[in-house]
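All ligand and atom numbering here is 1-based and tracks the order in the structure.
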Amino acid sequence: MATAKTDPKLSALSSEERKTKTYEGLTRQQLIDAYRIMYTSRRVDDREILLKRQQKIFFQISGAGHEAIGVAAALCLRPAYDWFYPYYRDRALVLALGATPYEMLLQAVGAADDPSSGGRQMPSHWAYRRLNIVTQSSPTGTQILQAVGCAEAGVYLRNHPNATQKASGDYRQFKDVSFRGDEITYVSLGDGTTSEGEFWEALNTAANKKLPIVFVVEDNEYAISVPVEIQTAGGNISRLVSGFPNFHFEEVDGTDPVVSYAAMKRAVEHCRAGKGPGFVHAHVIRPYSHSLSDDERLYRPDVERQRDAARDPINRMQMFLIREGILDENGINKLEKQVEDEMQAAVDRALEAKFPTPETITNFIYSPDLDPTSAQFDTPPMFPQAETPPADGKKTPVLPKTMAELINATLRDEMKRDERIVVFGEDVADASREDYLKKKLVKGKGGVFKLTAGLQMAFGSDRVFNAPIAEANIVGRATGMATRGLKPVVEIQFFDYIWPAMMQLRDELPVIRWRSNNAFSAPLVIRVAIGGYLTGGALYHSQCGESIFTHIPGLRVVFPSNALDAAGLLRTAIRCDDPVLFLEHKRLYRETYGRSHYPGPDFTIPFGKARIVQPGTDITVITYGAVVPRAMQAAQRLEREHGVKVELIDLRTLNPFDWETIAASVRKTNRALVAYEDSLSWGYGAEIAARIADQLFPHLDAPVRRVAAMDVYVAYQPILEDAILPQANDLFRGMRELAEY
Ligand SMILES: Cc1ncc(C[n+]2csc(CCOP(=O)(O)OP(=O)(O)O)c2C)c(N)n1
Ligand SMILES: [Mg+2]
């Protein structure tokens, strides 16, 4: 323990004055409590390190050196009221908010009862639902845009209090929504993480929307071995961010709890008053290397490490308490002994904890409450009177609708029914300058393919709005909103541009429920315009690539081939309790093929139920999307010219997919061909073909065939595009060869 003497200036104060003296508003008792948390935090780290060396836990990353700013932040915020997206160094913050050392140790040992993840995540990956501490992951910086979405959700709910109401028959039955009106979202990150693009995207949106969110950058000058001047131009993040409007900025010694508290308090007050976001840049230290897998002596000389050690917040706080006469050495020893005893008890208990069993592994990949494959979603279309085809075969007075029109109609129906739905993306609004709409100066855009046309005018600019051209921003914010209980139905303008969102789509959105052991979930819909056959779409407006997403557990993937299916499946997607990637083929948006009358506001189609487009007895063709009409054409020709009867299956949803229908058909025809628009190798059909070969081998009279695009990008020149993508002729040839085998 460090030694310090009582400050002589204090002796001048009466004992009463001493007792009531405050420090930036903090009482002596609050400072003692703060020290207790800081010390506890350090001791949990120390005990974990010991346990790791004893091979009783499997990973350790410490919050050492970051305790003061963490405790200071917690003193300004309210658990179960405000919302928290802390990063792995925030042990002291999380303890101060109400998590216990025992709970943390449960995660370290990988216990079934670990409240953060049920033994699924590494230690220091915080999630405490009762405290509004949202499940955190390992990628640096993915929490930041989600925190922005969380803050947006709070503002939205304040303006739409009815949206909090529960409703039966859809995800709302299982999704609690709460808001306080003046809650704040806390998000923290390290200095190195400010290099991630998502950080800048988050600041941009937070500033633009004046959101109640506090960013805390805990700057320990290193990201593993890379020093801050390599990450940050000029070496100081405060200087770089200072131009963002509407922010309150603070730069502070984050090893000093009192000045950290004062800085946090000012930033939080700015947020709470609705003036905009806060940014607190806290200079801290990292005394224990990056993690137990790192030895910082390899890249930091002793002299630098000693300089840091002199700022250690634990020692500094001890000395401060003694100097101010708040605790004497005896008092400190007593407090530390209490913490030590509690720690021992927590360790003993955690080492007794039960481990999760392998049968539980697949729990909570998807919602345990609402099954989108169930009969509940099997409802018939209710065509309005005017659109019902007359029995005499005459044309109806109303023409059937395109896929684009029915998707738009479905969005309208659902937005009317469910006030939690918000729609955003690039160009999806009618016009961001809503004055132009009000004065009727413009007609409005509503999406580059006009799928969202008129929605902003019908539902208002806070329910339908444009996003910056930043796909991670769209998906990350949507994820944060969905975690709070909203239902974002966002648009990615072109599948070819989905990749900036890939980290959110692979490591965050679909994993939230599983990694938090069902404590959190983020059901939402991402509509994506996909596919080629456009004549001139070229490389960057034509690609498919759905298998990349069907390879992601936790993500539902839908790919309709006609207007009616699009309407029914989109409605199921919106009412579903899981995240859904809804792939809309651009070529099918306005095709004459597959139009339908409006099927009514409650028409749903269950996921995982294929449609037999045409029954047949000779070969089975399994496909989806824009290949469906092409396969149909080929099948009709095959029957005409060769008398071969094709059973054509449209999968409609790719995850889940309808294995029963495939298997029943192949058992009947004994021949299978899988056709898809994506390039052949490693494509979606590869898995289907493998399953057929594996599970239906005794029923096969021929090898499983595939027809797909060439293993190359889609070219601009139509002659090349035709040759690259699977055409009706290619399908015809493939089917004929299979039938003749
Ligand atoms: C996207 C991503 N890239 C790399 C890593 C590996 N990694 C984990 S922590 C870390 C350094 C983070 O440094 P900083 O943001 O300064 O936080 P600190 O650990 O110093 O508190 C890196 C590179 C990761 N987790 N995520
Ligand atoms: Mg760092």
Side-chain angles (χ1 to χ4, degrees), residues 41-42 45 48-49 59-70 73 85-94 121-126 135-147 186-203 215-233 235-238 240-241 251-255 260 279-296 298-300 304-305 308 311-313 472 475-476 479 499-509 511 515:
S41 179
R42 184 67 62 94
D45 279 325
E48 280 191 0
I49 288 167
F59 180 76
Q60 209 283 329
I61 192 155
S62 86
H66 293 232
E67 294 94 345
I69 180 66
Y85 285 75
Y87 89 120
Y88 47 82
R89 303 253 185 245
D90 277 348
R91 190 188 297 287
L93 169 102
V94 172
Q121 290 222 80
M122 290 171 150
S124 298
H125 286 55
W126 323 114
T135 169
Q136 295 304 296
S137 62
S138 299
T140 50
T142 41
Q143 75 279 23
I144 316 172
L145 283 165
Q146 292 174 29
Y186 165 98
V187 62
S188 64
L189 56 141
D191 47 290
T193 299
T194 64
S195 301
E196 293 282 3
E198 292 190 14
F199 166 73
W200 298 93
E201 292 182 19
L203 290 185
F215 297 81
V216 176
V217 173
E218 301 177 23
D219 182 352
N220 56 24
E221 295 188 10
Y222 276 91
I224 310 186
S225 69
V226 182
V228 63
E229 68 275 17
I230 301 298
Q231 302 281 354
T232 305
N236 183 311
I237 193 65
S238 282
L240 296 194
V241 300
E251 184 173 2
V252 70
D253 178 355
T255 63
S260 294
F279 188 97
V280 177
H281 178 191
H283 292 278
V284 295
I285 60 162
R286 193 196 69 181
Y288 285 3
S289 291
H290 172 72
S291 71
L292 269 202
S293 318
D294 172 49
D295 178 1
E296 68 175 1
L298 296 174
Y299 53 86
R300 299 183 78 183
E304 188 182 298
R305 296 170 59 238
D308 263 17
R311 291 176 58 218
D312 191 304
V475 178
T479 302
W499 312 118
M502 201 59 200
M503 182 77 96
Q504 292 289 341
L505 283 169
R506 165 85 209 183
D507 283 354
E508 294 293 332
L509 174 65
V511 199
R515 78 178 186 218

Visitor: Work out whether the distance between some heavy atom of His290 and some atom of ligand 1 is less than 4.0 Å.
Guide: yes
Visitor: Distance-only, no hydrogens or angles: does the Asp191 side chain make a donor-acceptor pair with backbone N or O of Asn220 under 3.5 Å?
Guide: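 It does hold such a pair.
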Visitor: If I compare all heavy atoms of Leu145 with all of Ala472, which pair ends up nearest, and what's the gap?
Guide: CD1-O, 3.5 Å
Visitor: Spell out, as yes or no, whether a donor-acceptor pair under 3.5 Å connects the side chain of Trp126 to the backbone of Tyr87.
Guide: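 Pair found, side chain donor or acceptor close to backbone of Tyr87.
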Visitor: Could you tell me whether some N/O pair between Arg286 and ligand 1 is separated by less than 3.5 angstrom?
Guide: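 For ligand 1, there is no N or O atom that lies under 3.5 Å from one belonging to Arg286.
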Visitor: In terms of atom number and element, which parts of ligand 1 are under 4.0 angstrom from non-hydrogen atoms of Met503?
Guide: 1 (C)
Visitor: Over 60° means perpendicular and under 30° means parallel, so classify the ring planes of Phe215 and Phe199, tilted if in between.
Guide: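 Aromatic pair Phe199/Phe215 classed perpendicular.
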Visitor: Among all the protein's non-hydrogen atoms, which is closest to atom 15 (O) of ligand 1, and how far away is it?
Guide: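 Answer, as residue, atom name and distance: Thr193 OG1, 2.6 Å.
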Visitor: Where the side chain of Arg89 meets the backbone of Ala64, is there a donor-acceptor pair that is under 3.5 Å apart?
Guide: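 It does not hold such a pair.
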Visitor: Assess the side chains of Gln146 and Gln504: does a donor N or O sit below 3.5 Å from an acceptor N or O?
Guide: yes
Visitor: Tell me whether ligand 1 is touched by Ile224 - counting only heavy atoms on the residue side and a distance under 4.0 Å.
Guide: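 For ligand 1, residue contact (heavy atoms, under 4.0 Å) with Ile224 is present.
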Visitor: Got a donor-acceptor contact below 3.5 angstrom from the Gln143 side chain to the Pro86 backbone?
Guide: no
Visitor: Considering the heavy atoms of Arg89, write down every atom of ligand 1 situated less than 4.0 Å from one of them.
Guide: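 Contacts of ligand 1 toward Arg89, numbered from 1: 18 (P), 19 (O), 21 (O).
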Visitor: N/O to N/O below 3.5 Å, does that happen between His66 and ligand 1?
Guide: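 His66 vs ligand 1: no N/O contact under 3.5 Å.
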Visitor: Which residue and atom name correspond to the protein heavy atom nearest atom 21 (O) of ligand 1, and how close is it?
Guide: Tyr87 OH, 2.6 Å
Visitor: Return yes if some donor-acceptor pair links the side-chain N/O of Thr140 with the main-chain N/O of Thr193 below 3.5 Å, else return no.
Guide: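 No, because the side chain of Thr140 does not come within donor-acceptor range (under 3.5 Å) of the backbone of Thr193.
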Visitor: Indicate, as side chain, backbone, both or neither, the part of Ser138 found under 4.0 angstrom from ligand 1 when only non-hydrogen atoms are considered.
Guide: backbone
Visitor: Over 60° means perpendicular and under 30° means parallel, so classify the ring planes of His281 and His283, tilted if in between.
Guide: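 Correct class here is tilted.
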Visitor: Identify the protein heavy atom lying closest to atom 20 (O) of ligand 1, giving its residue, its atom name and the separation to 0.1 Å.
Guide: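 The protein heavy atom lying closest is Tyr222 O, 2.7 Å.
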Visitor: What is the nearest protein non-hydrogen atom to atom 2 (C) of ligand 1, stated with its residue, atom name and distance?
Guide: Thr140 OG1, 3.2 Å
Visitor: Find all atoms of ligand 1 within a distance of less than 4.0 Å from any non-hydrogen atom belonging to Gly192, and give their numbers and elements.
Guide: 14 (P), 15 (O), 16 (O)
Visitor: Do any nitrogen or oxygen atoms of Glu218 lie less than 3.5 angstrom from nitrogen or oxygen atoms of ligand 1?
Guide: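 For ligand 1, there is no N or O atom that lies under 3.5 Å from one belonging to Glu218.
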Visitor: Could you tell me whether atom 6 (C) of ligand 1 has at least one protein heavy atom nearer than 4.0 Å?
Guide: no
Visitor: Run the numbers on Thr194 and Leu189 for side-chain contact (heavy atoms from CB on, under 4.5 Å), then give the verdict.
Guide: CA-CA 7 Å; Thr194 64; Leu189 56 141; 3.7 Å; yes
Visitor: Do Arg300 and Glu221 meet the salt-bridge criterion of a basic N to acidic O distance under 4.0 Å?
Guide: no
Visitor: Does any pair with a residue in residues 280-293 pass salt bridge (Lys or Arg N to Asp or Glu O under 4.0 Å), and if so which ones, sequence neighbours excluded?
Guide: Arg286-Asp294, Arg286-Glu296
Visitor: Side chain of Glu67, backbone of Gly65: donor and acceptor closer than 3.5 Å?
Guide: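 Side chain of Glu67 to backbone of Gly65, a donor-acceptor pair under 3.5 Å: yes, one is there.
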Visitor: I need the minimum non-hydrogen distance between Ile285 and Pro313, along with the two atoms involved.
Guide: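 Reported closest heavy-atom pair: CD1-CD, 3.9 Å.
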Visitor: With heavy atoms of Gly190 as the reference, note each atom of ligand 1 found under 4.0 Å away.
Guide: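 Matching atoms, with element in brackets: 14 (P), 15 (O), 16 (O), 17 (O).
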Visitor: Please work out, at 4.0 Å between heavy atoms, whether the side chain, the backbone, both, or neither of Tyr88 comes within that distance of ligand 1.
Guide: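 For Tyr88, only side-chain atoms sit under 4.0 Å from ligand 1.
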Visitor: Do Glu196 and ligand 1 have an N or O pair less than 3.5 Å apart?
Guide: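 No, since none of the N or O atoms of Glu196 sits under 3.5 Å from an N or O of ligand 1.
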Visitor: Between Asn220 and ligand 1, which part of the residue brings a heavy atom under 4.0 Å of the ligand: side chain, backbone, both or neither?
Guide: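 Just the side chain.
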Visitor: Give a yes or no answer on whether the side chain of Asp45 reaches the backbone of Gly63 with a donor-acceptor pair at less than 3.5 Å.
Guide: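 Such a contact is found between Asp45 side chain and Gly63 backbone.
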Visitor: How about the Mg ion (ligand 2), which protein N, O or S atoms come within less than 2.8 Å?
Guide: Asp191 OD1, Asn220 OD1, Tyr222 O
